[in-house]
Amino acid sequence: MSLAVIVREFGGPEKLRLEDVKVAAPGPNEIQVRHTAIGINYVDVYHRTGNYPLSLPKTIGMEAAGVVVAAGQGVGDFAPGDRIVYQSPMGSYAELRNMLADHVVKLPEAISDRDAAAAYLKGMTAYFLLHLTYPLKAGETVLIQAAAGGMGLILSQWAKAIGATVIGCAGSDEKCALARDHGCDHAINYAAADFRAAVQELTGGKGVDVVYDGVGQATFEASLDCLRPRGMMVSFGNATGKVAIPDLGILAAKGSLYVCRPNGAAYVRSRADRLEHAAAVFGVLASGKVKPVIGQTFALRDVAEAHRALEARATTGSTLLLP
């Protein structure tokens with residue numbers, strides 16, 4: 001038996017139900033994994049609330065590290081005892097699960113399970129955002145919203161490693177200090193100041209080359225005002241609500257801007273894509289240029305409390321569930 005978090009109806013954190021489930025032996029091309037650390041990401045909130053519709057009931061969660069405990073017929077690359085990490089498919093909020101071996105990658109010895117669960121999905125996302133969606137170059141200037149969150153801290157450090165000037169926005173002086181300690185050249189407390197004016201002052205009125213915004217509705221339009229002419233807005237999340245542009249003319253009026261709404265599934269379409277992204281993440285972690293920040297951990301049984309903290313923006317860095 002395995003403890004798992006089941007969503008049977010959409011709604012608030014109270015809809016996260018803990019149940020004992022039976023896990024069968026792994027089938028052909030499957031492995032059975034015992035989780036040691038489970039990553040929480042804001043996409044999990046979207047799945048719980050129905051913002052991203054699912055067929056229910058469902059065990060949510062997109063990311064975890066663990067140990068292979070059994071391998072099914074036809075699995076040649078993994079054996080019991082191997083340490084692994086993955087970022088899909090859904091179902092990580094559990095002690096034990098079966099999954100296709102093609103979806104996991106072996107974890108290098110130098111990277112701990114907790115660091116992997118804190119940084120793998122976010123690192124895979126940061127890789128395509130920084131290298132494929134908008135290939136950031138040394139000498140460019142970037143604005144990162146929610147820079148003290150788990151995703152923001154990884155983006156900030158990686159952007160700095162590329163050689164960019166990094167401006168981060170966060171919601172308190174304490175979070176701004178954390179952002180400055182992890183890659184941001186400048187950090188703006190947007191709860192206390194107009195970040196648009198601050199960005200224009202920091203860039204001498206030029207604006208930034210690219211904005212990476214996972215906050216969504218609350219910052220989207222103001223973030224457009226931070227861009228240089230023909231700059232790129234990369235909107236990759238909607239923690240405060242969905243973004244809509246009823247009039248595309250706003251992009252012309254603000255400087256012939258570009259807007260992109262990327263999704264990881266379009267970038268990781270094959271085993272080769274997964275291995276490419278994973279190698280980049282493991283490489284930058286091993287180099288020390290990006291260091292995961294685990295701000296808080298919760299027992300798996302306290303998953304509802306973890307979701308409440310995440311939605312209240314009361315967390316910093318990455319949040320883990322520990323089985």
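Basis for what follows: all heavy atoms, side chains included, without hydrogens, waters or symmetry-related copies.
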How long is the span from the [atom1] atom in [X] to the [atom2] atom in [Y], to the nearest 0.5 Å?
| X | Y | atom1 | atom2 | value |
| --- | --- | --- | --- | --- |
| L202 | I188 | CG | CD1 | 5.5 Å |
| I250 | I245 | CD1 | CD1 | 7.0 Å |
| I154 | S318 | CD1 | OG | 5.0 Å |
| T319 | H307 | OG1 | NE2 | 9.5 Å |
| N41 | I60 | CG | CD1 | 10.5 Å |
| K15 | L56 | NZ | CG | 11.0 Å |

Is there a path from [X] to [Y] through hydrophobic residues (I, L, V, M, F, W, Y) whose side chains come within less than 4.5 Å of each other?
| X | Y | value |
| --- | --- | --- |
| Y258 | F128 | yes |
| L129 | V166 | yes |
| L96 | M1 | no |
| L300 | L16 | yes |
| I84 | V69 | no |

* Begin with the C-alpha distance, continue with both residues' side-chain angles, and end with the deciding distance and a verdict on side chain to side chain contact (heavy atoms under 4.5 Å, CB included) for I167 and C184. => CA-CA 6 Å; I167 303 172; C184 287; over 6 Å; no
Any idea which heavy atoms bring [X] and [Y] closest together, and the distance?
| X | Y | value |
| --- | --- | --- |
| D44 | G39 | OD2-O, 4.0 Å |
| V234 | M232 | CG2-CG, 3.6 Å |
| T133 | P262 | OG1-CB, 4.0 Å |
| A37 | L320 | CB-CD1, 4.5 Å |
| A309 | F298 | CB-CZ, 4.2 Å |
| G237 | Y46 | C-OH, 3.8 Å |

| request: Show your reasoning for whether side chain to side chain contact (heavy atoms under 4.5 Å, CB included) applies to F195 and Q145. | output: CA-CA 10 Å; F195 72 82; Q145 296 288 6; 3.3 Å; yes
Does this structure show an ion pair linking E30 with R97, if we count only N-O contacts that are shorter than 4.0 Å?
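Here E30 does not pair with R97 in a salt bridge, since their nearest N and O are not under 4.0 Å apart.
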Taking the side chain as every heavy atom from C-beta outward, state whether [X] and [Y] have any atom pair closer than 4.5 Å.
| X | Y | answer |
| --- | --- | --- |
| T141 | R228 | no |
| D209 | L136 | no |
| M151 | K122 | yes |
| W158 | Y127 | yes |
| C260 | Y134 | no |
| R114 | I294 | yes |
| N98 | V23 | yes |
| Y86 | M99 | yes |

Distance-only donor-acceptor check, side chains [X] and [Y], under 3.5 Å:
| X | Y | result |
| --- | --- | --- |
| N238 | Y42 | no |
| D213 | T219 | yes |
| Q217 | T240 | no |
| T165 | E140 | no |

Measure from the side-chain N and O atoms of [X] to the backbone N and O of [Y], and report whether any donor-acceptor pair falls under 3.5 Å.
| X | Y | value |
| --- | --- | --- |
| S256 | A252 | no |
| Y212 | F236 | no |
| H35 | S92 | yes |
| E95 | L3 | yes |
| H47 | Y52 | no |
| Q157 | L153 | yes |
| T316 | A148 | no |
| S88 | M90 | no |
| D115 | S112 | no |
| Q32 | V68 | no |

Q. Taking it one step at a time, do V7 and L54 satisfy side chain to side chain contact (heavy atoms under 4.5 Å, CB included)?
A. CA-CA 10 Å; V7 176; L54 305 174; over 6 Å; no
Summary of salt bridge (Lys or Arg N to Asp or Glu O under 4.0 Å) pairs that have at least one residue in residues 251-276, sequence neighbours excluded
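Matches after skipping sequence neighbours: D225-K254.
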Salt bridge (Lys or Arg N to Asp or Glu O under 4.0 Å) pairs touching residues 151-171, sequence neighbours excluded, are K160-D185
Does atom [atom1] of [X] have more than 12 heavy-atom neighbours, drawn from other residues, nucleotides or ligands, at distances under 6.0 Å?
| X | atom1 | result |
| --- | --- | --- |
| E221 | CD | no |
| K137 | NZ | yes |
| E14 | CD | yes |

Does NZ or CZ of K106 lie under 6.0 Å from the centre of the six-membered ring of F78, at an angle within 45° of the ring axis?
yes
**Prompt:** Stepwise, does the side chain to side chain contact (heavy atoms under 4.5 Å, CB included) test hold for V211 with V142?
**Reply:** CA-CA 6 Å; V211 176; V142 56; over 6 Å; no
Pair R196-E201, salt bridge (Lys or Arg N to Asp or Glu O under 4.0 Å): steps then yes or no = CA-CA 9 Å; R196 292 171 294 188; E201 182 177 353; over 6 Å; no
Next on the checklist: Applying ring-ring contact (aromatic ring centres under 6.0 Å, His included) to F282 and H277, what does each step give before you reach the verdict?
Outcome noted: CA-CA 9 Å; F282 295 153; H277 283 57; over 10 Å; no
